[in-house]
Structures are given as structure tokens and as C-alpha cells.
Amino acid sequence: MAPAARPGWPPEPLHLLLYGSGMARFIFSRLAIGLVTLFVVSALFYLGTEMLPGDVATAILGQSATPANVAKLRLSLGLDQPSWLRFVNWLWGCLHGDLGKSLASGRPIATLLLPRLGNTLFLAACAALIAVPLALTLGILSALHEGKATDRASSALSLGIISMPEFLVGYGLIIVLSVHLGWLPSLGTVFPGMALGLRLKAMALPILTLTLVVLAHMLRMTRATILAEMAAPYVEMARLKGLDRRRIILAHILPNASGPIIAVVLLNLAYMVAGAVVVETVFVYPGIGQLLVDAVTKRDLPTVQACGLVFAIVYVGLNTGADVLALVFNPRLRHRR
Amino acid sequence: MKLFGSRLSTPALIGIALLVAIVGAGLLAPWIAPYGETDLVGDVWAPPSLAFPLGTDNLGRDMLSRLLFATRTTLTVVILSTIVAFALGVAIGFLSALIGGLIDQLISALVNVIMAVPVLIVALMVLAVLGTSVPVLILTMGILEATRVYRLARAVANGLIVQEFVRIAALRGEGWRWIVWREILPNAVPALVAEFGLRFCFIFLFVASLSFLGLGVQPPFADWGAMVHDNTAAINLGGLAPFYPAAAIAVTTIAVNLIVDWLLSVHARPAGIKE
């Protein structure tokens, strides 16, 4: 799932031009690549959804609309303009907070989307606060005890969770914690102005589900990253010096693996934002994922485009952050010439 | 027991046994299912009993029979998508590595852009435009997952092209077809087989998620994800109806993962490294 390094990209001359020397330059160029990616992705999303069969004006008015009405609406929606011009206008509007109007409800998308984005980010942040420290600790412990009973148990358990669809984890938690024990509400109903305590109680099961799913991924990737370093010559040297396994991992491998591990964490946070789509549907939590699914069901294209753009921004942003941080934390690249 | 010249581990044997059982259940569904796929035979969400071993679903159909029949839909959609992903990914990946230069860079850049956004989000956008039907579903997932296969196929081919035996074949004047079919492909098979299993798992969970969101396989057909979608309301009544199809999904992916883990441990580890 995790995007790995990009072999052969960018090409060598471009590489020199972009990367040149020094950290600042690298970070700058990486941010520029991120922005370009985002631009291309949004263009693909917008033009792709526009060019495929189906006309927005017909979609609004229905199949029985008269051609005159359709033509009038096309004009008022600006559908007579070439698609690249509409894309530029759309992007310009998005940059100014105007995401267009929903076809389904006629309301501005920005007012629908922003509170829900806040809800999704809050959910993801809560899950991250629990999952990240736990996953790193367990991943390191697992690597320390490789092959022993504790490591085997955590490997089997995390493989099990990864193999389950997110909704199975969610429903399992509902059955046990909500239906049988009655401890927590099964629906993640939150509304503006809700007291924090109540809100957290309503969100407990979605947070727990998301935490479990991400925890399993992050734990396995942390463990694999540390074990991958094991084959390096400096580890063999440390072992020949007679250092014990604990010291080799904590003092020698961990500093070297910190870059990749931070990348692992950020990639999983990005994964979490996408996984939230399913988790939000399970718990009927009013987040942006649910908005996207609703919009797809109703074929409300402007809302779908806006949600897609937001997901792309979060995802590309976290991926770019992962690349930059991985380099900042890699001592070998700090003095790059 | 041996496969690809290596001893099968116990977990891999368990995985193979589970997979054979699941495929068998799907193939034999019309003969072993106690009721028809669409027969209304009992109350809504009847609890498990002798007549209905797993109870009934949201319309009063026998859960076990539905589950057995849905095995066919589920596996067909997933296997076809995986084959599309592989055919596209391996073909374009190999060609990209062989041709190199600007074309290679362009294809790789495009793949990187598609991979910059989660598959589920892209798939939702495509389904919003084209609507949900099984062919659209298979092609969408096949093409999106092909980007991941492309990356692996290209990397493997790039690693093989520089090997002596490929150079020697080129020097003795073999055509590019010979080089791809006789030199590169056989050596890429172990990595590709493991990747096939991994992609199968991802696509499997992916179809299940889409169907669960109500955007995958549409009625009157049903796969396991759609069965979970249909029966979610039973949860709050304390019923277990959505658990059976969800568990079937989990068991299948675990079975394939066990086999993939073994394949990777046999072939991905360089000879001599043992920790």
C-alpha cells in the first residue's frame, strides 16, 4: 500500500536542477513536486468527471426536461465554455473558498463540507493520539523479541486485523461493547455545540475502530523497518563487538530507522483519512467520508469533486510531509553535497 | 509437501486448505446449499436453528445458502479484477522497463499521480460518474490496482535487464519477444506470484468496502460485502447476520495472506541471510 521510493524519477538532469545541494533546496523542491502533483490530480479529477458521459444539466432537470430548459441551464452553469476554462474557474473558486453548489440540496458545498471536515480531522487526530505511541512501542518491542512468543502473538493478531475489513472490526466492537455490555453508544451521533465529554463518548467506538485498524498496519511496518536494518554491515559490526540485541536496536538501529519510521507513521495517518470513509459509514458519523459516499450515491458531481479535492490535499500533503521528514531525520542527507 | 521447490510451512498449508474449501463451497453451491439463493423461507433475521444453521437475512432468506452462492459472485469479481490489474500492470511495466527513456518517465509520472490519492477515493469518483455496474467495478479496480503492479513489474524487469544472461541473449541476437518470454518472465514469476496474492487481498477488501458502502455489486446479485450492507440493521437488535459474510471475507483474506507470507519468506529473502 505504501508508496515506496520512486526509482528513476525525476530524471537525472532534472534531479540535479531540482535538488541541487542542501536541505532547504531539497525541501523546497519536494514541496513544489507536491503542489504539481496536487494540480495534476485535481485537473484529472475535474476533467475526468466532466468528460465522461452524462450531462450535469440533464442530471439536474431529469430525463423529461425540454431541450430549451436544458440549454438555458447549461448557459447559466457555464457549461457552454470549454472544459479547461471551467476547470480554471473552478480551481480559482476553490482557492477562494467557493466550492460551488451541491446538485442534491442546492446549498453551497463549502458550508456542507467544512464542519464535516472538522469532524473527520478530529476523529483521525484522536485515533492518531492513541495509535501512534502504542504502535511504535509495540513495533519496537516486537522487533526486540523477534521470533519469540510475544512477537509471534502480535504478528498473528495484527495480520488478523489487517485481513479483516474495517466494518467487521467496527461491528465486532459494537456487538461486544455496545449491545452486550451496554458501555458505549453504537452510533457516533455528534452535533455542533455538543459538550466535549459527551462528544468523546459518542466517538469512542469510531476512534477505537480506527485505532485498531491503523495500529495493526503501523506496528507491522515499524517492525519490518527495524528488522530490515538488521542486515546492514554496521549492525554486524556492533554484534561482533559483543553488544546485546537490545542495545543494538535501541542505540544503533533506531536512530537510523527513525526517518523511515516517521514516514511509516505519516503514511498511516494518510491511510486513516481514507479508512475513515468506511468507519464513518459504520457509525453514521457525520464526517467528510459519509458526505462523499452520499454524493456518489446521488451522483452529485460538484460535491464529489470538492470532496475528492479535499482528500487529495490531505493525502498529498501527508505524503509530501513524510518525504521531507524522512530526509530531515536522515543524518546522512543532512550534509548532502 | 513441496511447491516451487520449497517445503510448505504449516500456516501456508492451513491457508491452502482454507482456500480450497472456500472455492469448493462456491463451485458446489447449487448442490450443497439447503435452499435457493432468492427463496424467502422464513422470518426476517430468524436466529440460527436446525432448519437455518446461520439464521435468515433481512428478507427472510436462508443465510447459509446466500453465503454459499455469494462466494461465486465475490470470487468472480475479485479474480477478474486481479487478472485485469495483472495483465495491464505487468505488460506496461515490462514494456516501460524495456523501452526506457521518455516514454518510461511519462508512464511512471502518470502512475505516481494516480497513486498519490487513495484508491477508494478515486474509485468513488469513477463510480459517481459511470454509475455502479459489475463491468465498471471490475475495470475500475483492475486499472487502479494495475498502477501498483506496474511499479513492481517495472522494478523487477529493470533488475533483470542488467543481468548477464539477458545481455548474452541480446548479444546472440534474440528478439525482444524471446527476451521477455524466455529470460525475464520466468525469473520474475516468484515475485509476481506473491504480488498476485497480495493484490488479490487488497482488491478483495476493496470490493467488500465498496459493496458495503452500497456502491459495489448491486441487487439482485450479492457479494459478501453487499450482504453485510443489507443486514447492518440486525446489529442493533443483537443479531449476528452481518457477521457471517464479514467473517467469510476475513477468512479468505487471512488464507491468502498466509500463503503470500510463505511465498515472500521463501523468495524475497536473499540466500544466506537468516535472522
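Quick note on labels: first sequence line is chain A, next is B, and so on, each numbered from 1. Owing to the predicted nature of the structure, the values given are computational and were not obtained by experimental measurement.
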*Does the B:Thr147 side chain pair with the main chain of B:Leu144, one donor and one acceptor, at a distance under 3.5 Å?*
yes
*asked:* Do B:Tyr150 and B:Ser108 pair up side chain to side chain, a donor and an acceptor below 3.5 Å, judged on atom types alone?
replied: yes
*Pick one of side chain, backbone, both or neither for A:Leu38, based on which atoms fall under 4.5 Å of a heavy atom in chain B.*
neither
*At a heavy-atom separation under 4.5 Å, does B:Ile254 approach chain A through its side chain, its backbone, both, or neither?*
both
*Quick one: of B:Phe204, B:Phe243, B:Phe212, who has the most non-hydrogen atom pairs under 4.5 Å with chain A?*
B:Phe212
*asked:* Quick check against the 3.5 Å criterion: does B:Thr253 have a side-chain atom that pairs as donor or acceptor with the backbone of B:Cys201?
replied: no
_Which atoms of A:Phe167 approach chain B - backbone, side chain, both or neither, heavy atom under 4.5 Å_ = side chain
*Report yes or no: does A:Arg116 contribute a side-chain atom to a donor-acceptor pair with the main-chain N or O of A:Gly287 at less than 3.5 Å?*
yes
*Segment of B:Val117 engaging chain A (4.5 angstrom heavy-atom cut-off)*: both
*Residues A:Thr209 and A:Glu166: side-chain donor-acceptor under 3.5 angstrom*: no
_Pairs of heavy atoms under 4.5 Å with chain A: top-ranked of B:Leu127, B:Leu110, B:Leu124, B:Val256_ = B:Leu124
_When you measure from the side chain of A:Thr120 to the backbone of A:Ile288, do you find a donor-acceptor pair of N or O atoms at a distance under 3.5 Å?_
yes
_Quick check on B:Leu215 against chain A: is it the side chain, the backbone, both or neither that has a heavy atom closer than 4.5 Å?_
side chain
